[in-house]
Structures are given as structure tokens and as C-alpha cells.
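In what follows, a single structure is set out as C-alpha cells and then discussed.
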Number of protein chains: 2
Amino acid sequence: MPDHPTNAEALHEAIEARLRLADQRYTSGRRRLVSFLVAADHPVSISEIEAALPTLPRSTAYRNLVDLQGAGVVRRVAAGDEFVRFELTEELTEHHHHLLCLHCGRVLDVASDPLFETAIADMAETLAARFAFTARDHRLDILGRCAQCSSDPDSAGAP
Amino acid sequence: MPDHPTNAEALHEAIEARLRLADQRYTSGRRRLVSFLVAADHPVSISEIEAALPTLPRSTAYRNLVDLQGAGVVRRVAAGDEFVRFELTEELTEHHHHLLCLHCGRVLDVASDPLFETAIADMAETLAARFAFTARDHRLDILGRCAQCSSDPDSAGAP
DNA sequence: CTACTTGCAAATGCTTTGCAGGAGA
DNA sequence: TCTCCTGCAAAGCATTTGCAAGTAG
């Protein structure tokens with residue numbers, strides 16, 4: 001029984017509510033942008049957004065992403081060591097980790113599971129304690145080679 | 001018995017060797033830059049480098065960092081969601097993770113330990129398998145609040 | 001000597017911003 | 001109708017590059 005929105009309608013309502021709290025509106029442009037983020041099962045780059053929503057000017061996309069971040073709807077993802085990407089915050093989706101393909105730059109979402117999460121949180125706590133650091137969250141990225149790049153050695157470039 | 005260089009001299013020799021392999025020279029400027037990375041116990045940003053090595057022009061610093069990356073001496077670190085930072089590769093230091101202060105942006109290195117590493121590697125393997133992804137490495141970032149920012153609520157800004 | 005490096009300045013390219021018109025509530 | 005949003009064009013900035021001089025080997 002997660003406290004996450006469980007269907008598309010509830011999700012959009014939750015997003016609209018968050019925007020309202022920030023005195024912002026859930027316009028059709030923003031809705032298209034968010035819908036794209038929802039449909040993608042991975043963090044998306046600006047160029048993916050541009051390709052998917054050709055009628056949404058870049059400057060508007062950037063500005064919307066800033067606003068959506070401010071409202072706690074979207075967060076930046078520092079992917080490989082390359083491009084900035086965006087995804088819905090975990091309050092709207094679920095906690096997950098990322099698989100980063102070192103070959104093509106693809107980023108995949110992978111759900112963790114409660115056992116792993118407990119173990120990771122414990123480790124994080126232990127490591128943080130050494131520096132009197134207060135752990136609030138963690139991020140686990142797995143670097144390697146995706147299925148496509150394993151079977152097709154010639155593919156290259158970020159998706 | 002790590003296969004990492006264990007003292008400063010051996011470290012610089014290892015670095016010089018790597019540069020040679022890439023037909024590059026370990027000039028005094030590069031040595032100063034590397035020494036700064038070694039002395040820092042955390043990933044450093046361009047502005048930190050600039051402050052520490054005022055006589056090293058930015059363009060040269062950038063170019064050196066690119067070359068050092070190519071030689072496997074340095075790697076980029078996508079820290080919080082903010083600035084690019086650089087650190088020595090783990091072949092020259094040791095595997096470690098990062099504590100990211102959400103308040104001031106500070107990034108601290110924290111060594112892991114074999115038990116944790118085994119556990120994390122197993123998890124990574126399990127999660128990767130779900131996508132036929134070949135895990136090669138992992139990255140664990142712990143997000144929270146550093147000791148300084150916990151005691152002094154007013155501090156702000158990246159170091 | 002020959003090839004790699006450096007420093008300056010100019011160019012790039014992503015991201016942000018100013019402003020006037022348009023849209024949401 | 002008041003406030004927020006959008007689009008275009010211009011501005012900002014971190015990073016990269018061209019080129020001529022410097023330097024390591």
C-alpha cells in the first residue's frame with residue numbers, strides 16, 4: 001500500500017496539487033511534458049524531450065522543468081557523466097535505481113526491493129556515521145553494458 | 001594487498017606510466033594538478049582547481065583533465081545535480097563512495113569495506129540480470145546533511 | 001629535431017533570461 | 001482581470017578549439 005498515486009488520473013491530480021502549492025498551473029504544455037516523462041520508463045534527456053514534443057520550444061521545456069523541479073514533481077538525474085536527464089520524483093513514482101550503459105549512454109530504471117533497500121539504508125547509515133553525516137537518501141547506479149550493446153557491438157551513441 | 005600505489009612516489013610513477021601509454025607527458029603543470037587531486041580527499045570542481053592553482057589557465061586545466069581522463073588517471077564525478085568534479089580513478093586510489101551534502105554541496109569520500117562491497121555487488125548483479133545487463137561497476141551516493149551544515153544551519157554554498 | 005603542451009583569444013553549445021503577447025482561473 | 005505561462009530572440013556561461021610559441025625527450 002504505497003502512498004504513491006497508483007493510476008494515471010491520480011498521478012496527474014497529485015502533480016496538479018503540487019503545482020498549485022507553488023502557485024503554478026498545470027497547463028497543457030506541462031501536461032504533455034509530464035506525460036512523456038511518465039510514459040518513458042527511464043530518465044529522459046532534453047534532446048529526447050525535444051524529439052518527442054517538437055512543438056514545445058526548448059526554452060519553455062527548460063523553464064517548465066525548472067518549475068516542475070521547484071514543485072517537487074521532477075528531479076534532475078546526473079546520469080553517466082554526460083547529459084542531464086529528468087525523471088518524476090520518487091514521491092510520485094517509486095524508489096528505484098539506474099542501470100547506466102557505458103557504451104551507448106542508455107539509462108534504465110530498475111526497481112529495488114525491500115530487502116535490498118533495508119540493506120543499503122543500513123550501509124548508508126554506517127558509512128555516514130563515520131563523518132557525523134546525516135543520511136537522508138541514497139542513490140545506487142549500476143554501470144555496465146546493456147543488452148543491446150552486448151549483442152550488437154557496433155551500436156553507439158545515446159538514445 | 002591492494003594493487004594500488006601505496007605512497008606518493010609510486011603513485012606519480014603509475015600516473016606517468018599511464019600517460020606514456022597514451023603518448024603524453026607528465027609535465028609540471030599536470031603534476032601540480034594531479035598533486036592537488038591527491039591532496040584533496042574529495043572530488044574537486046573546476047573552481048576549486050582554479051583557486052588552488054591560480055597560475056594554471058582554465059583552458060589548460062580543462063585540456064589536462066581531458067587528457068588525464070583519456071589516460072585513465074582521472075574521472076569525472078557527477079556529484080549532486082550541480083557541478084562537475086574530478087577525482088583520481090579507483091585504480092590509483094581505492095574504491096569508495098560519496099557523501100553528498102544537500103545543503104552546501106560538499107562531497108566527501110568514504111571508503112567502503114569488503115563486506116559491504118560484496119553485498120552491493122551481489123545486489124547490482126541481481127538487479128542487472130533483470131535487464132540482461134552486464135554489471136561492471138557500481139556507484140553508491142549517500143545524500144544528506146554534513147556535520148558542518150548540521151551544526152551551523154546558516155552555512156551555504158559549495159565549498 | 002619532432003611531437004606534445006601551453007596560453008591567449010575566439011568559437012561553441014547548452015541553458016537562462018527579457019519582454020510582449022496569450023492563456024488559465 | 002489579474003497572474004502566470006509561452007515563444008522568440010538575445011544574453012550568459014562553462015567548456016572546447018585554433019593557432020603560434022614553448023618545451024620535453
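Below, read A as the first sequence line, B as the second, and so on, with proteins coming before strands; counting in each chain starts at 1.
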Asp23(A), nearest nucleotide to its side chain (from dC4(D), dT5(C), dA25(C)): dC4(D)
Selection from dA9(C), dT16(C), dT5(C) that lies nearest to any side-chain heavy atom of Ser59(B): dA9(C)
Touch class at under 4.0 angstrom, heavy-atom based, for Arg63(B) against every strand present: base
Separation of dC4(D) C1' from Leu19(A) CG (nearest whole Å): 12 Å
Whole-Å distance separating the CD atom of Glu50(B) from the P atom of dA14(D): 9 Å
Touch class at under 4.0 angstrom, heavy-atom based, for Asn64(A) against every strand present: sugar-phosphate
Side chain proximity check, Phe133(A) to Leu127(A), heavy atoms < 4.5 angstrom: no
Sugar-phosphate only, base, or nothing, as touched by Thr60(A) at under 4.0 Å among non-hydrogen atoms: base
Residue Arg25(B), side-chain atoms from C-beta onward, closest of dT6(D), dG7(C), dC4(C): dC4(C)
Spacing between Ile46(B) atom CD1 and dC13(D) atom P, to the nearest angstrom: 17 Å
Among dT6(D), dT6(C), dA14(D), the one nearest Arg30(A) by side-chain distance: dT6(D)
Set of residues satisfying salt bridge (Lys or Arg N to Asp or Glu O under 4.0 Å) with respect to Arg63(A), sequence neighbours excluded: none
Nearest-Å distance for atom pair CZ/C1', residues Arg58(B) and dC8(C): 14 Å
